[in-house]
A.B. asks: 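Attaching a single structure in structure tokens format; questions to follow.
Quantities reported herein were computed from a predicted structural model and do not represent experimental measurements. Basis for what follows: all heavy atoms, side chains included, without hydrogens, waters or symmetry-related copies.
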Amino acid sequence: MSRWSDMAGRASGEDYAARFAALARSGKNVHGEARFCAALVPVGARVLDAGCGTGRVMIRLAELGYDCVGVDLDASMLAVAREQAPGLPWFEADLAGFEPDALGIAGGFDLVVAAGNIFPLLAPGTESVVVERLSAALRPGGLLVAGFGLDEAHLPVLPSLTLSDYDDWCAAAGLTLVDRFATWDAAPYAGGGYAVSVHRR
């Protein structure tokens, strides 16, 4: 069982979506991840939203003109995504077993984004496998972008991985670190409890 499933149980995707809707109504920008990704690849690029949840990031990227695919294991989250954007491709699948061909989609993505603390919420022991699967889904030169918390202040669960762990998994999967930021607004990373990492295949 993933740490997300253990933590959320049968939590409704609608509750999760409502939280972000409330943030948007309060004036908070909830599209930082999409803006960050859009600065890395041109309009029309193929993007895989790995752990897409309710689709907040992917729907915005699709609105900006990107060719997107969303994958998540949580059926309640995907139900919200499909309701909000029924014309977009949403797939229920475990990232540890993710194979584009098995879902009837092409690999060779220009960018894979894993936002929302995806890696710290994976099933323990599967993190390196998920990095391998996501790397394999990229075209040569494609980018893996992942943002996640590193301490209790930035995570809903106990910290379970370090940036050194993550970089080692990426290196083993044929990925090279391009840059690292402290936020999705591209603030420079100088240590701290949250990091957004960009690796290239």
A.B. asks: Can you name the nearest heavy-atom pair linking Cys37 to Val113, along with the distance?
C.D. replies: SG-CG2, 3.7 Å

A.B. asks: Would Tyr194 and Phe181 count as a side-chain contact (heavy atoms from CB on, under 4.5 Å) here? Give the steps.
C.D. replies: CA-CA 9 Å; Tyr194 192 88; Phe181 303 92; over 6 Å; no

A.B. asks: Let me confirm one number: the CG-CZ distance from Leu61 to Arg35, rounded to the nearest 0.5 Å.
C.D. replies: 11.5 Å

A.B. asks: Shared ILVMFWY cluster between Leu103 and Val69, side chains joined below 4.5 angstrom?
C.D. replies: yes

A.B. asks: Does Leu40 form a side-chain contact (heavy atoms from CB on, under 4.5 Å) with Leu111? I'd like the steps, not just the answer.
C.D. replies: CA-CA 8 Å; Leu40 295 175; Leu111 184 145; 4.0 Å; yes

A.B. asks: What are the two closest heavy atoms between Pro120 and Gly149, and how far apart are they?
C.D. replies: CG-O, 3.8 Å

A.B. asks: Specify the closest pair of heavy atoms between Arg133 and Ala96, including all atoms of both residues, with the distance to one decimal.
C.D. replies: NE-O, 3.2 Å

A.B. asks: Taking all atoms of both residues into account, what is the closest heavy-atom pair of Gly55 and Ala81, and its distance?
C.D. replies: N-CB, 4.0 Å

A.B. asks: Mind listing the closest non-hydrogen atom pair of Val131 and Ala173 along with its distance?
C.D. replies: CG1-CB, 3.9 Å

A.B. asks: Do the non-hydrogen side-chain atoms of Glu33 and Met58 ever get within less than 4.5 Å of each other?
C.D. replies: no

A.B. asks: Are any non-hydrogen side-chain atoms of Leu138 and Leu144 less than 4.5 angstrom apart?
C.D. replies: yes

A.B. asks: If only atom types and distance count, is the side chain of Asp151 paired as donor or acceptor with the main-chain N or O of Ala153 below 3.5 Å?
C.D. replies: yes

A.B. asks: With a 4.5 Å cut-off on side-chain heavy atoms, are Glu127 and Asp165 touching?
C.D. replies: no

A.B. asks: Is there a path of hydrophobic side-chain contacts, each under 4.5 Å between heavy atoms, that joins Val43 and Leu88?
C.D. replies: no

A.B. asks: Quick check: closest heavy atoms across Pro100 and Gly107, and the distance to 0.1 Å?
C.D. replies: CB-N, 3.9 Å

A.B. asks: Decide yes or no for Leu150 and Tyr166: does some side-chain heavy atom of the first lie under 4.5 Å from some side-chain heavy atom of the second?
C.D. replies: no

A.B. asks: Ignoring hydrogens and geometry beyond distance, is a side-chain donor-acceptor pair present between Thr176 and Arg200 at under 3.5 Å?
C.D. replies: no

A.B. asks: Enumerate the residue pairs fulfilling side-chain hydrogen bond (donor to acceptor under 3.5 Å, both in side chains) with a member in residues 62-71, sequence neighbours excluded, ordered by first and then second residue.
C.D. replies: Arg60-Glu63

A.B. asks: Within the structure provided, determine whether Pro156 and Leu121 are in side-chain contact (heavy-atom separation under 4.5 Å).
C.D. replies: yes

A.B. asks: Measure the spacing between CZ of Arg201 and OG of Ser135 and express it to the nearest 0.5 Å.
C.D. replies: 5.0 Å

A.B. asks: I'd like to know if the side chain of Glu132 reaches the main chain of Val130, judged simply by a donor and an acceptor atom lying under 3.5 Å from each other, with no hydrogens or angles considered.
C.D. replies: no

A.B. asks: Apply side-chain contact (heavy atoms from CB on, under 4.5 Å) to the pair Asp179 and Tyr189, showing each step before the final yes or no.
C.D. replies: CA-CA 9 Å; Asp179 216 335; Tyr189 184 75; over 6 Å; no

A.B. asks: Which Ile, Leu, Val, Met, Phe, Trp or Tyr residues join Val129 in one cluster when any pair of side-chain heavy atoms under 4.5 Å counts as a link?
C.D. replies: none

A.B. asks: Should Leu134 and Phe91 be regarded as members of a common hydrophobic cluster, given that ILVMFWY residues are connected when their side-chain heavy atoms come within less than 4.5 Å of each other, either directly or indirectly?
C.D. replies: yes

A.B. asks: Among residues at least two apart in sequence or on other chains, which ones pass side chain to side chain contact (heavy atoms under 4.5 Å, CB included) with Cys52?
C.D. replies: Asp49, Asp72, Leu78, Trp90

A.B. asks: Determine, using the 4.5 Å side-chain heavy-atom cutoff (strictly less than), whether Val196 and Leu155 are members of one ILVMFWY cluster.
C.D. replies: no

A.B. asks: Ile59 vs Gln84, test: side-chain contact (heavy atoms from CB on, under 4.5 Å). Steps then yes/no.
C.D. replies: CA-CA 8 Å; Ile59 291 170; Gln84 293 182 345; 3.6 Å; yes

A.B. asks: If we ignore hydrogens and angles and just use 3.5 Å, is the side chain of Thr54 paired with the main-chain N or O of Met77 as donor and acceptor?
C.D. replies: no

A.B. asks: Answer yes or no on whether Arg46 is positioned over the face of Phe109, meaning its NZ or CZ is under 6.0 Å from the six-membered ring centre and within 45° of the axis.
C.D. replies: yes

A.B. asks: Do the two ring centres, one from Phe148 and one from His154, sit under 6.0 Å apart?
C.D. replies: no

A.B. asks: Less than 3.5 Å apart, any donor N or O on the side chain of Asp74 or Ser76 sitting next to an acceptor on the other?
C.D. replies: yes

A.B. asks: Side chains of Ser164 and Asp167: donor-acceptor distance under 3.5 Å anywhere?
C.D. replies: no

A.B. asks: CZ/Phe119 to CG/Leu161 distance, rounded to the nearest 0.5 angstrom?
C.D. replies: 8.5 Å

A.B. asks: Check the hydrophobic clustering (I, L, V, M, F, W, Y; side-chain heavy atoms under 4.5 Å; chains of links allowed) and say if Val41 and Leu177 are grouped together.
C.D. replies: no

A.B. asks: Do Asp110 and Arg139 have side chains that approach each other closer than 4.5 Å (heavy atoms only, starting at C-beta)?
C.D. replies: yes

A.B. asks: Counting C-beta onward and ignoring hydrogens, is there a side-chain heavy-atom pair between Val145 and Val112 closer than 4.5 Å?
C.D. replies: no

